[in-house]
Student: 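If you scroll down you'll find the structure; I have some questions about it.
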2 protein chains.
Amino acid sequence: MNHHVLIIGSIALDDIKTPWHEERGLLGGSAVYGSIAASMFAPVDIVGVVGEDFPAEHLEMLRAHGVDTSGVERRAGQTFRWGGEYRQNMNDRDTHFTELGVFAEFDPRIPEPWRDSGFVFLANIDPELQLRVLEQVRQPRLVLLDTMNLWINLKRDALIEVIKRVDAILINEDEALMLFQTHSLPEAADRLLELGVSRAIIKKGSHGAQMFSADSTFAVPALPLRKVNDPTGAGDTFAGGVIGYLAAGGTLDESSFRQAIMVGSACASFVVEDFSTRRLAALTPGQIQERCDRLHDAICCERVVMPERVPVPGKR
Amino acid sequence: MNHHVLIIGSIALDDIKTPWHEERGLLGGSAVYGSIAASMFAPVDIVGVVGEDFPAEHLEMLRAHGVDTSGVERRAGQTFRWGGEYRQNMNDRDTHFTELGVFAEFDPRIPEPWRDSGFVFLANIDPELQLRVLEQVRQPRLVLLDTMNLWINLKRDALIEVIKRVDAILINEDEALMLFQTHSLPEAADRLLELGVSRAIIKKGSHGAQMFSADSTFAVPALPLRKVNDPTGAGDTFAGGVIGYLAAGGTLDESSFRQAIMVGSACASFVVEDFSTRRLAALTPGQIQERCDRLHDAICCERVVMPERVPVPGKR
């Protein structure tokens, strides 16, 4: 059971609007995107809650990806619903509504056999719920945390508590800066490491991602995307790819994390091509490999050697 | 003469204000930063204009770096002066004043022996002046162009003409987007390549730099800087490092350009540590090598190989 990935987060129905297109009632949620991505590499167990209105076909799709959905509770009421609109630059978005529905009463219960999961992804939800998950799992090899600006504003103390108890955090650049009231990303990364995480992985949207650890940093660009149709779930997908790849490989050294970040970036580069989970659900290992190769080519460089000849002996 | 770097641009006296410090009458200008950086690698010939108020010690400093200053015209009047203030994030800045002085009448004359320079850096000045330089040089191996938002707004047609005639362009991300009225950097890069440049090198400030060519892209992060005291001249320094390194090596293939971008990034990471050219002028090859090594370590990654085992045979 130890190479299983346990994922706890939101399962949602989204209304998404972009400058070019609009769709309603789409499958969404941090745990959903994360699970599909992770399932490309390792067996996934998902914990979450849905309402009576949640289409059974979505859970069937997850199961077809090898995701164990027996931890998804179905309760009387409405599934968590979110509506948002992307601006022209497709980076900034405005939330139109958030209807918690059955999520308001969500109290995550990790099924007994899953409490020994080796890999745990705390996808973006209320940090108080994330803390309750941490109380239930036993000695996981890796706990990866994701969060968002909402929790920094509303529940900063609980969030700090969660950060102190996890191994790695994934966070958007602007949110990392907001969390520590700084303009310096290296400073924000330092503060995260001081709280106890071994790795702070900063998501930079169209600028890619950057990982900070005590003695090194690693950066990957975003693949140049000519077709961004719906950025929703890109961060969750990134995280799912990272933890799935690490669970499959089983090693947690710097090199593995770097490769995992390439994999997460590659997965995220697909999900934005279509609305909801459509592109992600149709993804093949060969397609991920191809984008990882392109990413590798985009950062590959021979070591620089200073030229021997220095033109003027003067000052240097 | 063919491995010489010819640099044409502004020579200025700057008043710089940051949230923490303020200094007046500092040595500045695109050609100055570019020349000092390039001089670390290759002999540099600088063309520009100064007024009667320009301190002789600045030209002596350039000469001590192996920069031939015989193309710097001294005219009656005041040196070009710029005053600016950086905001809290140290990325955005407001211009307080621009006094052209003797620069208003500047008509670049390239001394006859310099017209055969192998490497030409058109540092940031009026694109109409850049066109006049291009009329004077004979078959350089590489012409590198830099520009700024001012010229996109005031002289877009002339700027497009220059772009059509150069081999490579360096441009800030927001300026590239502004130039083509798009939100997509890959699209802006495509448009630059369509105009005829072989390489579009996009400067992204604290997000590093990304090079686009017809069949590949290459990205380097910015080194995590804990000490940014004055960002002025970072782009010019970057460019100087790029063209100096290319001139020293003599090869212009993809690999050389990638290494040159590492060198330019390393040089730029120093210049921001102190006001004006102070840190840059004191730089040693060993210090540049050390930061290039750190940059290399920050992008170094083994190729990802998809795990053999796919957990569920279902869809994949």
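Reckoned from all heavy atoms, side chains included, excluding hydrogens, waters and symmetry mates. Since we're looking at a predicted model, the values are computed, not measured. Note on naming: letters A, B, ... go to the chains in the order of the sequence lines (proteins, then strands), and numbering restarts at 1 for each one.
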Student: Do you know which of A:G249, A:C300, A:P221 has the most heavy-atom pairs with chain B at a distance under 4.5 angstrom?
Tutor: A:C300
Student: For A:A219 and B:I299, work out which heavy atoms get closest and say how close.
Tutor: O-CG2, 4.1 Å
Student: Judged by atom type as modelled, is there a donor-acceptor pair below 3.5 Å linking the side chain of B:Q289 to the main-chain atoms of A:V304?
Tutor: yes
Student: Looking at residues at least two apart in the chain, or sitting in another chain, which of them share a side-chain hydrogen bond (donor to acceptor under 3.5 Å, both in side chains) with A:R141?
Tutor: none
Student: Nearest heavy-atom pair of B:M306 and A:C292: which atoms, and what distance?
Tutor: CE-SG, 4.3 Å
Student: For the interface with chain A, which of B:A189, B:A298, B:G286 has the highest count of heavy-atom pairs at distances below 4.5 Å?
Tutor: B:A298
Student: Which one wins on heavy-atom pair count under 4.5 Å against chain B: A:D190, A:V220, A:L185, A:T182?
Tutor: A:D190
Student: Need one label for A:T217: side chain, backbone, both or neither, based on atoms under 4.5 Å from any heavy atom in chain B.
Tutor: both
Student: What's the separation between atom CG in B:N89 and atom OG in A:S184, rounded to the nearest 0.5 Å?
Tutor: 11.5 Å
Student: Non-hydrogen atoms of chain B under 4.5 Å away: do they reach the side chain of A:E254, the backbone, both or neither?
Tutor: neither
Student: Checking A:D293 against chain B: side chain, backbone, both or neither under 4.5 Å from a heavy atom?
Tutor: both
Student: If you count heavy-atom pairs under 4.5 Å between each of A:Q210, A:Q88, A:R258 and chain B, which one has the most?
Tutor: A:R258
Student: Got a sec, which residues hit ring-ring contact (aromatic ring centres under 6.0 Å, His included) with B:H21, two or more places apart in sequence or on another chain?
Tutor: B:F275
Student: Name the option with the most non-hydrogen atom pairs under 4.5 Å to chain B; the candidates are A:H207, A:K204, A:H296, A:E302.
Tutor: A:H207
Student: Enter the distance from A:H183:NE2 to B:D92:CG here, rounded to the nearest 0.5 Å.
Tutor: 10.0 Å
Student: Side chain, backbone, both or neither: which part of A:A222 has a heavy atom under 4.5 Å from chain B?
Tutor: backbone
